[in-house]
*Asks:* 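Got a structure for you, questions after.
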2 protein chains.
Amino acid sequence: MIRYSKQRECILNYLNSVTCHPNVEKIYTEVKKEIPNISLGTVYRNLNQLAESGKIQKLITGNNAEHYDGRTDLHSHVICRKCGKIEDICTDFSEHIELESISDYSNLSYKLTFYGICPECSREENAKINNS
Amino acid sequence: MIRYSKQRECILNYLNSVTCHPNVEKIYTEVKKEIPNISLGTVYRNLNQLAESGKIQKLITGNNAEHYDGRTDLHSHVICRKCGKIEDICTDFSEHIELESISDYSNLSYKLTFYGICPECSREENAKINNS
DNA sequence: ACTAATAATAGTAATTATTATTGATTGTGA
DNA sequence: TCACAATCAATAATAATTACTATTATTAGT
């Protein structure tokens, strides 16, 4: 049985209040402002539970640290290869991807993730080249 | 300058000889059969280097452990939500995904990953339901 | 409202995956 | 062949996550 806790509510509220895709550390420090003695384990436990119950989304980014998204609708992300920043992609591809025909796995879903260099990192890169 | 090492060659050979998508531990134990005193650090270092130089592909699966793929062409994977098994998907979607129009990031690429329940895990699931 | 049952918590220890360090060894261009 | 940087094995260190335990808080039933 799942019962209320103000810690979990606070975590969910935070994720719903931002458009970024924070990692656990960021979530921890933000929620700490509301509940100063919250424990990191509590944050992990509740994030997993919220993701399990579909109230938030766990993102797999490859930046060896879990990131979370308050949006639960199907959408894509673009991740910067340099700085690891994550942004939403609004274009919808679902009409092009017919899940049934893909494989013999059941309950199929998909994740479409883009990787690139964000404008800020591109600018830095160019500055470096011009200076050398 | 990159120079030859039998350890790296052995790792690459192993990855090219299998169609599965092993994690570091599996690669380590397999390569150990050829080179018994190889060090785990060496496996990590060479996997990163091989991935960097594009000879193999690092997979981001969410099963908090890196997996690697000897295939370097653009293809998709399907991952079982239960047991974490990874398999190749042959269908090509690239014609549906126009990278340029996606975002203001440069050097864009994408990863399309499917999640589902594999036939084996489905069967287990059904057996469980029938027994209870 | 009171209480018993137990889910959730804080704090901390343990685990797991990965990277860094170090000093010895080895491959390669000169 | 020789000099030297790349690579190695072994091990220590770090980072991310999970597990443990005694305490606190929520909830269902009275």
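In the text below, chain A, chain B and the rest are named by the order of the sequence lines, each starting its count at 1.
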*Asks:* What about A/R3: does its side chain form a donor-acceptor pair under 3.5 Å with the base of C/dT6?
*Replies:*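 Result: at least one qualifying N/O pair found.
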*Asks:* Is a donor on one side and an acceptor on the other found under 3.5 Å between the side chain of B/D69 and the backbone of B/R71?
*Replies:* yes
*Asks:* With A/C118 as reference, evaluate A/K82, A/R81, A/K85 under the side-chain contact (heavy atoms from CB on, under 4.5 Å) test and give the passing residue.
*Replies:* A/K85
*Asks:* For a quick test of reading the model: is some side-chain N or O of B/S5 closer than 4.0 Å to OP1 or OP2 of D/dT7?
*Replies:*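 No, because none of the side-chain N or O atoms of B/S5 sits under 4.0 Å from OP1 or OP2 of D/dT7.
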*Asks:* Look at the side-chain N and O atoms of A/Q7 and state whether any lies under 4.0 Å from the OP1 or OP2 oxygen of C/dA10.
*Replies:* yes
*Asks:* Over all heavy atoms of both residues, which pair between A/T72 and A/G54 is shortest? Give the atoms and the distance, please.
*Replies:*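 Nearest pair, atom of A/T72 first, then A/G54: CG2-O, 3.4 Å.
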*Asks:* If each of B/K6 and A/S39 is mapped to the nucleotide of DNA chain D with the nearest heavy atom, which maps nearer the 5' terminus, i.e. the 5' end?
*Replies:*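 Closest to the 5' end, via its nearest nucleotide, is B/K6.
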*Asks:* When clusters are formed by joining ILVMFWY residues with side-chain heavy atoms under 4.5 Å apart, either directly or through shared neighbours, do A/V18 and A/L50 land in the same one?
*Replies:*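 As far as the 4.5 Å side-chain criterion goes, A/L50 and A/V18 are connected within one cluster.
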*Asks:* Given axes from five pairs at either end, by how many degrees does the helix from C/dA1-D/dT30 to C/dA30-D/dT1 bend, rounded to 10°?
*Replies:*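 Its terminal axes enclose an angle near 40°.
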*Asks:* If you round to the nearest 0.5 Å, how far is SG of B/C80 from CD1 of B/I86?
*Replies:* 10.5 Å
*Asks:* Base, sugar-phosphate or nothing for A/E66? Non-hydrogen atoms, less than 4.0 Å.
*Replies:*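 Touches sugar-phosphate only.
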*Asks:* How are the rings of B/H75 and B/H21 set to each other: parallel, tilted or perpendicular (split at 30° and 60°)?
*Replies:*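 Rings of B/H75 and B/H21: tilted, as their planes differ by 30° to 60°.
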*Asks:* Under 4.0 Å from any atom of DNA chain D, heavy atoms only: list the residues of residues 45-52 of chain B that qualify, in numerical order.
*Replies:* B/R45, B/N46, B/Q49
*Asks:* Does either side chain, that of A/Y28 or that of A/E30, offer a donor lying less than 3.5 Å from an acceptor on the other one?
*Replies:*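 No donor-acceptor contact under 3.5 Å links the two side chains.
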*Asks:* For B/A65 and A/V43, take the nucleotide of DNA chain C holding the closest heavy atom to each; which residue's nucleotide lies nearer the 5' end?
*Replies:*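 Residue closer to the 5' terminus by nearest nucleotide: A/V43.
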*Asks:* Rounded to whole angstrom units, what separation is found between the CG atom of A/N63 and the P atom of C/dA17?
*Replies:* 19 Å
*Asks:* Can you give me the closest heavy-atom contact between B/I79 and A/Y105, atom names plus distance?
*Replies:* C-CE2, 4.0 Å
*Asks:* Whole angstroms only, please: what is the CD-P distance between A/E9 and C/dA8?
*Replies:*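 Those two atoms, CD and P, are 15 Å apart.
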*Asks:* Send over the distance from B/I35 CD1 to C/dT25 P, rounded to a whole Å.
*Replies:* 18 Å
*Asks:* Name the closest nucleotide to the B/M1 side chain, picking from C/dA7, D/dA9, C/dG29.
*Replies:* C/dG29
*Asks:* In whole angstrom, what separates A/L40's CG from C/dA13's C1'?
*Replies:*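 For the pair A/L40 CG and C/dA13 C1', the rounded distance is 13 Å.
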*Asks:* Looking for any heavy atom pair under 4.0 Å, which part of the strands does A/Y4 touch: base, sugar-phosphate only, or nothing?
*Replies:* sugar-phosphate
*Asks:* Is there a side-chain contact between A/Y44 and the phosphate of D/dT18, meaning an N or O under 4.0 Å from OP1 or OP2?
*Replies:* no
*Asks:* For A/R45, is there any backbone N or O sitting under 3.5 Å from a side-chain donor or acceptor partner on A/R8?
*Replies:* no
